[in-house]
Structure formats: structure tokens, C-alpha cells
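Below is one structure; the comments refer to it alone.
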Amino acid sequence: MTRPRTSALPEGIDTEATTASGPAVAAGPAARPRRRFRTHVVVFIAPAAAIYTIFMVYPLLDSLRLSLYAPRDGVHTFVGLDNFVHLLSDDLLSEAFWNAVWNNLVFFAVHFFVQNPIGLLLAALLAAPTLKGRGTYRTLLFIPTTLSVVIVGFIWQLIISPVWGFVDTPLLGQSSTALVTLALMSVWQYIGIPMILFYAVLISIPDELTEAATVDGAGGWTTFWRVKFPLILPTVGIVSVVTYVANMNAFDLIYTVKGALAGPDFASDIMGTLFFRTFFGFQLQQGSSTMGATVATMMFLLILAGVLLYFYGWQRRVESYEL
Amino acid sequence: MSAVSTPARGVARPTRASRSWRTRAGAAVPHVILLAYVVVACGPIALIVMNAFKSRQAIFEEPFAFPTPSTLDLGGFETVFTRARFELYFLNSFVVTVGTVALVLLLGSMAAFALAEYRFVGITFVSLYLAVGIMIPIRLGTVGILDLMVRLGLVNSLAGLVLVYTAMGLPLAVFVLTAFFKQVPGDLKDAARIDGASEYRVYFLVLPLVRPGLAAIGVYTMLPIWNDLWFPLILTPGESVRTVTLGTQLFLGQFVSDWNAVLAVLTLAALPMLALFIIFSRQFVRGLTSGAVK
């Protein structure tokens with residue numbers, strides 16, 4: 001408990017720089033012994049690498065591979081891109097697919113436009129140096145994030161159910177409101193993450209910066225928008241791309257509240273539920289592992305597209321500053 | 001309010017008094033907003049927990065009232081434990097979560113130690129290879145995972161879940177812990193080596209020094225595993241290996257109209273992680289912020 005807090009914050013960048021420098025003669029803190037290949041290196045890395053490879057990398061690659069196969073006479077046969085053509089050209093399938101893609105984008109948009117402003121507001125309030133009870137607020141505001149999605153879904157289902165009568169309209173029952181209501185439930189749960197990440201940036205801004213602005217005659221409002229906000233902007237990007245990835249394979253909430261059919265009339269169907277139904281089947285449609293793998297591959301491509309858009313469209317244009 | 005009545009200076013300086021009143025009000029605004037959001041964040045949970053202990057009639061008539069001796073009713077909890085084997089689900093979730101966290105911390109710290117400590121051919125490749133898993137959701141490989149589990153005979157076994165979750169948790173653990181290990185002073189390790197300690201001994205010597213990192217990763221790994229519905233639903237649907245989250249989901253589907261039981265099961269399922277989070281919230285927040293600041 002009383003240990004010096006040297007290791008509180010990992011600083012990957014600094015230590016990287018020392019790696020590149022020449023032979024480590026001086027016994028500085030980050031200097032590493034240059035040794036020849038030894039068995040203990042393998043002993044240290046192999047178990048983690050093996051489990052990761054067998055249970056994550058291999059199944060992922062296998063799923064990608066399966067999307068190029070289809071069952072013919074009970075045997076998986078290579079069919080090239082047929083599954084994708086089928087998914088995108090079959091009337092029923094392509095309608096379901098694009099519906100899920102669109103709904104998923106709406107689901108993400110609600111997160112983006114609601115969680116960023118609220119998270120930023122809460123973070124700014126928490127980071128004020130004079131605030132009392134900061135730790136308590138932080139813990140309380142973060143509590144929903146620790147709950148299971150199943151619990152969150154049901155809590156809100158009970159609260160907005162007509163039986164209790166706080167809300168009159170059946171928000172989850174109408175196709176016009178179901179998806180947005182579900183997205184807001186999800187925002188309610190995960191708002192703690194943008195809040196904490198923005199908060200981390202705000203508390204790391206050196207006082208000199210804000211003081212300099214004050215000396216130059218800037219008020220609190222100007223200081224926030226002109227000094228702090230540009231420093232937060234890169235984090236808005238990180239939060240958004242992490243949220244996008246999480247949203248694109250979201251499933252638990254919709255499944256808990258609306259079931260695998262994501263009703264009413266597929267109004268809340270997203271990629272995760274579509275994947276589940278395609279893989280395991282529903283009602284009269286038979287499940288198919290190869291078509292399931294095809295949908296999963298499309299999810300992978302959508303996620304990849306979002307991540308690339310972030311790297312090339314956002315991260316390169318938004319300047320980030322080392323504090 | 002009380003600022004205005006500070007005696008000695010009150011008379012001559014009305015401006016000062018009004019300004020201090022204003023600053024007071026200004027200082028209260030953040031608290032008002034934060035408290036309002038605390039109500040939004042915690043109110044629904046409090047509402048559920050409170051009503052879980054009340055009789056059916058009281059739940060509907062006065063949902064906002066605390067349970068009193070006259071409205072106290074533990075019937076919901078009774079239903080939960082007589083109609084479903086929740087003690088077993090808790091045990092399963094506990095085994096899976098603790099098993100995974102232990103494996104992630106041990107194997108993750110070993111790999112991270114090696115990546116931070118040694119230089120060898122292909123270190124960049126190994127680091128990148130392990131880091132890729134941070135961004136790719138493991139769910140996308142579900143078809144392959146189920147196939148693999150069937151072949152290994154690990155369907156409906158807790159071991160299968162532990163292995164999948166370990167693979168899922170390792171990338172971030174290795175990434176974060178490597179940064180922590182790089183911060184450990186070299187003198188200590190060199191001193192141990194001069195005394196003839198083996199590399200394995202050095203690892204165990206250094207391990208306690210990255211405790212903050214281990215704690216953060218531990219909490220960060222634990223939450224999504226305890227709360228996951230996807231893999232239990234697909235890999236371990238059997239009654240004897242059911243986890244709390246799946247058990248809750250199935251129970252809720254079955255007892256939708258029995259509000260006492262529903263509220264009780266929600267309370268039971270939420271409390272363990274809630275309690276753990278409140279105890280470890282410092283480490284958790286630190287874990288989230290340390291990765292993001294730099």
C-alpha cells in the first residue's frame with residue numbers, strides 16, 4: 001500500500017524511444033539487457049500466445065474462411081463469393097441485411113450524439129479543482145456501466161412498462177420508437193466510459209495552460225472552448241471508434257428486451273441479432289453456419305471500414321497534443 | 001446563504017457580500033447537475049432494489065416508498081431460489097470469472113514481462129500480433145469457436161468458457177502490463193541477477209511492483225465476463241453449467257409477470273458486481289484513465 005507510485009501511469013512512448021537507442025551501457029531505468037535468444041522467453045510468451053491463437057485468432061480466420069464455403073451434399077464446398085452475392089442479392093436476405101446495417105448506424109448515431117455532450121459535461125464538472133466529493137460522484141455515475149446488459153434491459157423495461165405507468169406510450173412496442181429507446185438505454189448504461197476518458201484528459205491539462213489563458217483575459221467559457229476542448233477532441237474520436245466497434249457487435253440488450261426477432265417487425269434488428277438468427281435459425285428458416293460466417297464477415301468489414309475512417313478521416317486531421 | 005451574515009465586514013461592503021453569495025451559488029450549480037445525474041444513473045437501480053423487498057401490492061401502489069415492516073415481503077427471493085438453481089449459477093459464474101481472471105493475470109503478466117524485458121528477433125511482430133485482438137471483437141469468430149468447442153468436446157463445459165474469455169482478455173492485459181513492466185527500475189532486476197537469480201525468479205520478484213496494473217486489468221477483465229450473455233447462450237446453455245447472466249435472462253423470460261420474482265432476481269444478479277465495483281472503483285478508474293491519457 002505504501003509503495004511509491006512510480007508505476008501509476010504507463011508511458012509506452014517514452015520507453016519505446018530508449019529501445020531504439022544503441023547498446024544499453026548505462027543502467028538507466030528503462031535500459032534492457034541485450035541477451036541472446038533463451039528458452040525462458042518462449043516459456044514466458046508461449047502460453048498466452050497459444051491460448052490467444054487457438055481460441056481467438058484461429059476461430060476468427062476459420063469464420064472468414066467458412067464464409068467462402070457452402071454445404072453441398074452435406075460437405076462444405078468452396079463456392080467463392082457466392083454467399084456474399086446471395087446475401088446482397090436475395091430479396092428477403094438483402095432487405096434484412098440492409099435493415100440491420102441501417103438500424104445499427106442509427107443505434108450508433110444515438111450513442112454518438114447523446115453520450116459525447118453528456119459525458120463531456122459530467123467530466124468537466126468532475127474535473128473542476130474545487131469540487132468536493134469527486135470520488136463519490138465518480139463511483140455513483142459509473143455504477144450503471146458495471147451492470148449486466150440483461151439487468152439494464154429489464155430494469156428499463158419494467159420502468160417504462162405501462163403496468164407501473166410512469167410512461168404512457170409503449171415506447172418499446174412501436175416500430176418508430178423501439179430502436180431509439182433501446183439505444184438510449186444503452187447510452188444510459190455506458191455513459192460512464194466517455195465520462196471517465198474525458199475526465200482523464202481534463203485532469204491532465206497543466207494548470208499553467210489555463211492560467212495563461214486567464215491572464216490573457218479569457219473567461220471560464222472561452223478557456224474551456226479555446227484551450228480545453230481542442231485537447232479533448234482526440235478523445236472524442238477514440239470514444240467514438242470504441243463505441244462504434246462495440247455497437248456493431250452489440251446483441252445482449254436487443255436480445256434481452258426484444259428477443260432474437262428484434263421486433264416489432266425487425267424495427268430493432270441490428271447486425272448482432274441478424275448474425276444470431278442466420279447462424280442458429282429462427283421460426284421456419286434453418287440456421288446455417290456458412291451464412292452465419294458470411295454475416296460475421298460483413299460485420300468485420302463494417303467494423304474495419306469504421307476503424308479506417310477513424311484513422312484516415314479523423315485522427316489525421318485532428319491534432320493531438322502531448323501534455 | 002450563511003456567507004452574507006459574516007459580521008465584521010458586512011456593512012461597508014455590500015458588493016463583496018453579494019459576490020460571495022454569487023460564488024456560493026456558482027459553486028452549487030455543479031453539485032445540482034451532478035446530483036441530478038446521480039438520480040438518473042442510480043435511481044432506476046435503487047427503485048428495483050427497493051421494490052424487490054416489498055409486497056406485490058406495495059410495488060404497484062407506491063413504487064417510490066422504502067420497504068416498511070408492513071410492506072416487507074421476501075417472497076420474490078423465495079421464488080428465485082425454489083424455482084431456479086441460482087446458487088449453482090452463482091458458483092458457475094464465480095468459477096468462470098475467477099478462473100479467467102487468474103489465467104489472464106498470470107499468462108498476461110508473463111508475456112508482458114518478456115516483451116518489456118528482453119529484446120529478440122520478431123518482438124515487434126509478437127507485440128502487434130497480440131495487440132490486434134484489442135480492436136477485433138471475438139464474437140465475430142463465434143462460428144469458428146462453436147465448431148472448435150464441438151471438436152474439443154468443450155460444449156457445455158465451464159473450461160470452454162474460461163478458455164474463450166482468457167483469449168479475449170489477454171490482448172489488452174499484455175498491452176497494458178507491458179507498459180507497467182517497462183516502468184520497473186532496472187537496478188532491482190540487475191541486483192537480483194547478480195545474486196544469481198534465474199529469470200523466473202526475477203519475474204516473481206518484479207510482479208508485486210506492477211500491482212496497480214494487475215488490479216486494473218483484473219477488474220477490467222472481470223466485468224464483461226460476469227455480465228456476458230453471448231457465449232453462455234451459445235457455448236454453455238445446459239442447466240448445470242449456466243451462468244448468472246444467462247440464468248437471469250432465462251428466469252426473466254419465464255417469470256415475466258411475477259414482478260416480485262423479477263425484481264428479486266435483478267437485485268441478486270446486480271449486487272455482487274456492484275459491491276465489487278464500489279470496493280475496487282479506484283483501481284478501475286485508474287485502469288481506464290491510464291490507458292487513455294497517454
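Below, chains carry the letters A, B, ... as their sequence lines are ordered, and counting in each starts from 1.
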- Item | Qualifying side chain to side chain donor-acceptor pair (under 3.5 Å) pairs, either residue in residues 141-163 of chain A, two or more places apart | none

- Pair B:Trp230 and A:Phe275, ring centroids less than 6.0 Å apart: yes

- When the aromatic ring centroids of A:Phe154 and B:Phe251 are compared, is their separation below 6.0 Å? no

- Query: Do B:Tyr200 and A:Phe44 have ring centroids that are under 6.0 Å from one another?
  - Reply: yes

- Measuring heavy-atom distances to chain A, does B:Met168 have an atom under 4.5 Å in its side chain, in its backbone, in both, or in neither? backbone

- Message: Minimum heavy-atom separation for B:Pro171 and A:Tyr52, please, with both atom names.
- Response: CG-CE1, 3.5 Å

- Task: Looking only at non-hydrogen atoms, find the nearest pair between B:Pro137 and A:Val245 and report the distance.
- Result: CG-CG1, 3.8 Å

- Greatest number of heavy atom pairs closer than 4.5 Å to chain B - which of A:Ile54, A:Thr256, A:Leu122: A:Leu122

- Message: Using only atom types and a distance under 3.5 Å, with no angle test, would you say the side chain of A:Asp252 pairs donor to acceptor with the backbone of B:Leu229?
- Response: yes

- Minimal heavy-atom distance between A:Phe166 and B:Pro63, with the atoms involved, is CZ-CG, 3.8 Å

- Message: Does any part of the side chain of B:Tyr129, heavy atoms only, come nearer than 4.5 Å to the side chain of A:Thr53, both counted from C-beta?
- Response: yes

- Determine the sole option in B:Leu107, B:Leu103, B:Leu106, B:Leu170 for which the side chain to side chain contact (heavy atoms under 4.5 Å, CB included) test with A:Pro47 is passed. B:Leu107

- With sequence neighbours excluded, what pairs up with B:Phe231 under the ring-ring contact (aromatic ring centres under 6.0 Å, His included) test? none

- Task: Compute whether any side-chain donor of one residue and acceptor of the other, for B:Tyr203 and A:His40, lie under 3.5 angstrom apart.
- Result: no

